Amino acid sequence: MANALPRNADVAAQFDLLADLMELEGADRFRVSSYRSAASRIRETGSSVAQLALDGRAKELQGIGKTIEGKIVEIVEDGEIHALSKRKDVVPGDVALFMRLPGLGAKTAARIWHELGVTTLDELRAAAEQQRLRDLGGLGAKTEERILKALNDTAEAEPFRPLLGDALPALLAVVEVLREHPASDQVSDAGSARRRKETIRDLDIIATASDPPALIDYFTSLRWVVEIAAKGDTKATVVSNDGYRFDLRVVPPESYGNLLQHFTGSKEHNLALREAAVRRKLSVSEYGVTETESGTVHTHATEEELYRFLGYDWIPPELRENCGELEAARAHELPALVELDDIRGDLHSHSTWSDGKETLEVMARAAKARGYAYLAITDHGERLREGRAEEQWAEVDALNERLKPFRIVKGVEVGIRADGGLALGDEALAGFEWVIASLHTSFDRNPTERVLAAIENPNVHMIGHLTARKLNIRSGADIDIERVVEKAVETGTFLEINAQPNRLDLRDTHARVAGEAGVKIPVSTDSHQLSALGHMPIGVAQARRAWLTKEQVLNTRTWKQIERLRKR
DNA sequence: GCCGTTTTCGGCCCGACTGTTTTCAGTCG
């Protein structure tokens, strides 16, 4: 196997660090922000940016030009950006960490370093404790306190971000409750949760109201509120008993569109939107759009009006990541994204025949009650040896007779072993109607090669949760998405979006690469219990973030249609 | 350093908050 190329996340980290070090040196702020925006573009790109740079094609990405492409090649060839290696020799290691402390930026960090000679976090703590920071003009007691608090918080820092699948139902429930209050008019979720990003920090709500203080009062007195972090006439922040921070902003109805758009983000989307507007002599803010020359301010009651005023079609929140949606919206070429109602069945689930909590019948009836036409039961192949598969099929046949026209599909999920083989032999697999192959172990052992071998197996219809990542727990196998997608297209193998809240795997960027290449993508829940069937909406949201249409999502079809698309 | 429906040069989002200040720089989202 060839030397693995650096991952996008590692490439991005080098540019972020380079930006930090240059900012500490007082470099031109636009150069610094170029590196930052390149880092974020690299992080959000599905395919290997290192490979793109080697092919001379990284320049095609927004915000990456000749210079940065060259620096990516330096990473591939020498392990590190040359300019970064050079600066690391100049700037003491911890000084860049000063900047990570909240409220402490490059300017202050550089002054602490240069004027006090403080170069480590320990020295910084000592300087704050000994009240030496206030010797610097512009810094006072408050700053010292804040730094000490930040240093203590960092010690127990958890990188944990709540999962969309956990937080979204809570958010939507609060939106619903606020909608029902007599003082409210329009209420919407906003922020990264509205964009259905896989993890979130705060839960944002935007509302208009006939009586804003009444709505704020109601919001802060809901029974699950355990802390009111802030409360004013138009804005409040509360913490719920399950630890989520909810932010409610009540805004004037005439600029509801402007504010909802602003607070939905993303930052990158808004930045690009505003830069494009500036070129046309318009200044966009959360309060409206100002004509720079005349000073005339236009407000918009809806997002549709705002986007139309700026020359765009309305952009679904899931697409607002500055990954081509603005250009597409201007050209009226946005895709018609798949919707939850398009889903006709679930192709990945477990029962008590393996590690599921519910019987086959309970799972099937629940799927039927959701309005599905079919459910693939895909218990682990390791548990269906020695005649147990045939026993399960007899039960399936009997149930199908009773539940028709609903259909339980005779499926199986087989592990891809460390040696690249599958947990069941070809003869056993051939008996199933629907075969999923998934990585469950040894994620570091040639994961791409093993997945490619599974894809080449004529009995395997779909690869489950491609990277096997677990959000907040492990980053998942380092899969060469390009090669996997190419092989999947060639063989007619499907690549799943697994809707489990801590998987969402394919991730959005990988699913987009796969979809563009022509892979059909099933969205499935991998349910091990009844409630998990309810994760379909976040799986569909993930598909929407990947720009997928109904046509590109496999299980918007009847089972008969899927049978015809399935490889032989 | 990037980028172009006024530009291959000369620009580069916008506003709120904070702390330390008498008018603003730095930081943040």
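All of these numbers come straight from a predicted model, not from anything done at the bench. Quick note on labels: first sequence line is chain A, next is B, and so on, each numbered from 1.
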Any strand is fair game: report the nucleotide pairing with B/dA16 by Watson-Crick or G-U wobble, both distances under 3.5 Å, or none. B/dT27
Only one of A/Thr509, A/Val49, A/Ile72 passes side chain to side chain contact (heavy atoms under 4.5 Å, CB included) with A/Asn8, and that residue is A/Val49
Under 4.0 Å, heavy atoms only, any strand: does A/Lys281 hit a base, just the sugar-phosphate, or nothing? base
For atom C1', what is the distance between B/dC2 and B/dT8, given to the nearest Å? 12 Å
Rounded to whole angstrom, note down the C1' distance from B/dT6 over to B/dG1. 23 Å
By nearest atom, which of the nucleotides B/dG1, B/dG19, B/dT27 is closest to the A/Ser34 side chain? B/dG1
Quickly work out the A/Gln62 CD to B/dC2 P distance and round it to whole Å. 13 Å
Which value, in whole Å, describes the distance between the P atoms of nucleotides B/dT20 and B/dC14? 29 Å
Give one of base, sugar-phosphate or nothing for A/Ala38, where a contact means two heavy atoms less than 4.0 Å apart. nothing
Count the heavy atoms of every other residue, nucleotide or ligand shown that sit under 6.0 Å from CZ of A/Arg57, and state whether that count exceeds 12. no
Where at least one partner belongs to residues 272-285 of chain A, residue pairs that pass side chain to side chain donor-acceptor pair (under 3.5 Å), sequence neighbours excluded: A/His262-A/Arg274
Looking for any heavy atom pair under 4.0 Å, which part of the strands does A/Leu273 touch: base, sugar-phosphate only, or nothing? nothing
Show each protein N/O and nucleotides 10-17 of chain B N/O combination with a separation under 3.5 Å, one pair to a line.
residue : atom : partner  : partner atom : Å
B/dC13  : OP2  : A/Glu275 : OE2          : 2.4
B/dC13  : O2   : A/Arg274 : NH1          : 2.7
B/dC14  : OP1  : A/Ser283 : OG           : 2.7
B/dC14  : O4'  : A/Arg274 : NH1          : 3.2
B/dA16  : OP1  : A/Tyr287 : OH           : 3.2

Pairwise C1' distance, B/dT5 and B/dG19 [rounded to whole Å]: 45 Å
Calculate the interatomic distance between A/Arg111 atom CZ and B/dG26 atom P; express it in whole Å. 9 Å
When all nucleic acid strands are considered with a 4.0 Å heavy-atom cut-off, which category describes A/Ala141: base, sugar-phosphate, or nothing? sugar-phosphate
Given the P atoms of B/dT21 and B/dT27, what is the spacing between them in whole Å? 15 Å
Euclidean distance for C1', B/dG29 against B/dC13 (whole angstrom): 12 Å
Taking atom CZ of A/Arg111 as the centre, report whether more than 12 heavy atoms of other residues, nucleotides or ligands fall under 6.0 Å from it. yes
If we take the P atom in both B/dC12 and B/dT23, what is their distance in whole Å? 27 Å
Might you work through the side-chain contact (heavy atoms from CB on, under 4.5 Å) test for A/Asp204 and A/Phe263, ending with a clear yes or no? CA-CA 8 Å; A/Asp204 297 310; A/Phe263 286 109; 5.6 Å; no
Looking only at side-chain N and O atoms, does A/Thr108 come under 4.0 Å of OP1 or OP2 in B/dT27? yes
Gap in Å between the two C1' atoms, one belonging to B/dT22 and one to B/dG15, rounded: 22 Å
Between A/Leu466 and A/Ile481, does the side-chain contact (heavy atoms from CB on, under 4.5 Å) criterion hold? Intermediate values first, please. CA-CA 9 Å; A/Leu466 179 63; A/Ile481 186 70; 3.6 Å; yes
Provide, to the nearest angstrom, the distance between the CG atom belonging to A/Asp204 and the P atom belonging to B/dC28. 18 Å
